[in-house]
Amino acid sequence: MQGAIDAKIATARADASRERSIRRTCAAAAREAKSLFSGRPWNPFAALAVRCPAPPQYNGRLDVGALLRAGMELRATDPQQFAALLLFAGAGLRKSEADAARWNWIHAEQSTITVRADGNFTPKTHASEAPVFVDGGFVEALLSVRPIETADDDFILAPEVPALPPATFTRYRAAKVFDRLAAWLREHGLTGRTPLHDLRREFGSYIAQNADIFTASRQLRHSSIQVTASFYAAQRRRVAPDLGAMLASNPGQTTATVTNKGTP
């Protein structure tokens with residue numbers, strides 16, 4: 001199996017970005033294979049090794065405000081596409097979560113959208129099943145494209161498509177909506193391989209830069225702060241003893257300099 005992994009990685013030697021992606025996928029598969037025999041006296045996958053470089057940290061590079069203003073055209077021409085844009089950019093949902101989102105996930109009074117498991121959808125981790133705090137304008141904009149006849153437990157996206165039974169491969173009810181939105185995003189500057197997930201990254205980056213890494217972790221519903229810190233630069237308050245003031249002050253008097261400037 002090690003040979004198969006090495007051969008797969010070798011196919012992407014000329015593309016550093018693709019090689020990193022393949023290495024991360026292979027590393028995850030290796031961890032899962034090893035976990036199957038965890039605690040056993042012999043683990044046939046114990047020797048599997050995949051060197052996986054740390055992912056590049058995401059600091060945000062899009063003008064999300066401009067993107068959303070451009071997206072206002074979709075509210076009239078393609079309400080489903082507009083709703084998907086809001087779920088990704090305004091709530092930082094994963095693709096599977098946006099696909100499973102129902103109108104009863106929205107709580108206008110608390111300005112939250114709460115990810116919930118159901119018979120056809122299981123969140124990525126236990127931490128994923130939690131509320132996301134959103135702006136009141138997000139709720140208002142999303143409710144503006146809700147069809148009058150929909151029930152609270154109807155899907156937000158592609159409501160005419162029923163829930164899909166569990167499968168061994170990833171598939172989405174709202175795949176056509178996602179495809180249209182991805183094409184629109186590429187026309188507006190998101191040229192990466194995963195433009196929909198880039199909106200989630202922008203959501204997390206905005207919070208990390210304007211609040212702190214802990215708040216970003218809770219909003220993204222990561223399983224641990226380490227996961228968030230791997231992808232987003234930690235925003236720290238600059239706190240240091242004000243030695244200049246200490247040296248100039250009377251004995252016993254100390255001060256501290258506290259600013260809200262982020263780490264460069």
Side-chain angles (χ1 to χ4, degrees), residues 4-32 50-68 70-71 74 78 80-101 115 121 123-125 128 157-158 164 167-209 216-217 219-223 227-233:
I5 289 176
D6 293 341
K8 180 67 174 177
I9 293 172
T11 64
R13 294 291 187 203
D15 186 336
S17 177
R18 184 166 178 265
E19 182 181 347
R20 285 196 301 269
S21 177
I22 290 176
R23 283 186 180 277
R24 287 196 295 269
T25 299
C26 290
R31 287 194 300 271
E32 291 179 0
V50 180
R51 183 176 62 81
C52 190
Q57 290 199 329
Y58 192 85
N59 289 295
R61 55 184 179 271
L62 294 175
D63 185 342
V64 178
L67 188 70
L68 290 172
L74 300 173
D78 193 335
Q80 287 277 287
Q81 197 174 324
F82 180 68
L85 175 64
L86 293 174
L87 293 174
F88 290 119
L93 296 193
R94 300 177 176 93
K95 201 171 179 179
S96 60
E97 295 166 349
D99 189 65
V115 175
F121 167 68
K124 185 176 182 179
T125 67
S128 301
L157 301 180
L164 297 172
T168 56
F169 56 93
T170 301
R171 58 183 181 181
Y172 301 104
R173 297 174 31 265
K176 293 181 179 179
V177 177
F178 294 151
D179 289 344
R180 295 198 304 273
L181 179 58
W184 184 87
L185 289 171
R186 290 191 174 99
E187 291 174 357
H188 288 77
L190 276 76
T191 57
R193 293 190 306 110
T194 56
L196 301 182
H197 198 68
D198 281 348
L199 294 179
R200 173 174 164 82
R201 294 188 180 103
E202 284 291 334
F203 176 84
S205 179
Y206 179 89
I207 296 170
Q209 291 177 12
S217 186
Q219 281 286 81
L220 291 165
R221 294 160 293 110
H222 282 156
S223 57
V227 174
T228 315
S230 296
F231 290 94
Y232 301 95

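Given the structure is predicted, the values throughout are model-derived calculations rather than measurements. Counting from 1, the numbers follow the sequence of the chain as shown. Side chains included, hydrogens not; waters and symmetry mates left out as well; all remaining heavy atoms used.
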Answer whether the closest heavy-atom distance between the side chains of [X] and [Y] falls below 4.5 Å.
{"X": "Arg200", "Y": "Arg94", "result": "yes"}
{"X": "Leu74", "Y": "Trp184", "result": "yes"}
{"X": "Ile22", "Y": "Thr11", "result": "yes"}
{"X": "Leu185", "Y": "Gln81", "result": "no"}

Subject >> Tyr232/Leu220 under side chain to side chain contact (heavy atoms under 4.5 Å, CB included): CA gap, chis, key distance, verdict >> reply: CA-CA 11 Å; Tyr232 301 95; Leu220 291 165; 3.5 Å; yes
**OP:** Check the pair Ser128, Thr125 against side chain to side chain contact (heavy atoms under 4.5 Å, CB included), reporting the backbone distance first and the verdict last.
**Re:** CA-CA 5 Å; Ser128 301; Thr125 67; 3.1 Å; yes
Identify the heavy atoms of [X] and [Y] that sit nearest to each other, and give their distance.
{"X": "Leu196", "Y": "Ala182", "value": "CD2-N, 4.1 Å"}
{"X": "Ser217", "Y": "Thr228", "value": "OG-OG1, 2.9 Å"}
{"X": "Pro195", "Y": "Arg186", "value": "CD-NH2, 3.4 Å"}
{"X": "Pro123", "Y": "Val115", "value": "CG-CG1, 4.3 Å"}
{"X": "Phe203", "Y": "Phe88", "value": "CB-O, 4.4 Å"}

As an exercise, state the distance from [atom1] of [X] to [atom2] of [Y], rounded to the nearest 0.5 Å.
{"X": "Gln219", "Y": "Arg221", "atom1": "CD", "atom2": "CZ", "answer": "8.5 Å"}
{"X": "His188", "Y": "Leu181", "atom1": "NE2", "atom2": "CG", "answer": "10.5 Å"}
{"X": "Leu199", "Y": "Leu190", "atom1": "CG", "atom2": "CG", "answer": "6.0 Å"}

Original post:
Is it true that Asp198 and Arg201 have a side-chain N and a carboxylate O under 4.0 angstrom from each other?
Top reply: yes
Original post:
Is the backbone of Leu62 close enough, under 3.5 Å, to the side chain of Glu202 for a donor and an acceptor to pair up by distance?
Top reply: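 Looks like yes, one N/O pair under 3.5 Å.
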**OP:** Count the heavy atoms belonging to other residues, nucleotides or ligands that lie under 6.0 Å from CZ of Phe121, then report whether that count exceeds 12.
**Re:**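 Yes - once you tally the heavy atoms of other residues, nucleotides and ligands closer than 6.0 Å, there are more than 12.
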**OP:** Could you give me the CA-CA distance, side-chain angles and deciding distance for Asp99 and Leu157, then say whether side chain to side chain contact (heavy atoms under 4.5 Å, CB included) is met?
**Re:** CA-CA 7 Å; Asp99 189 65; Leu157 301 180; 5.9 Å; no
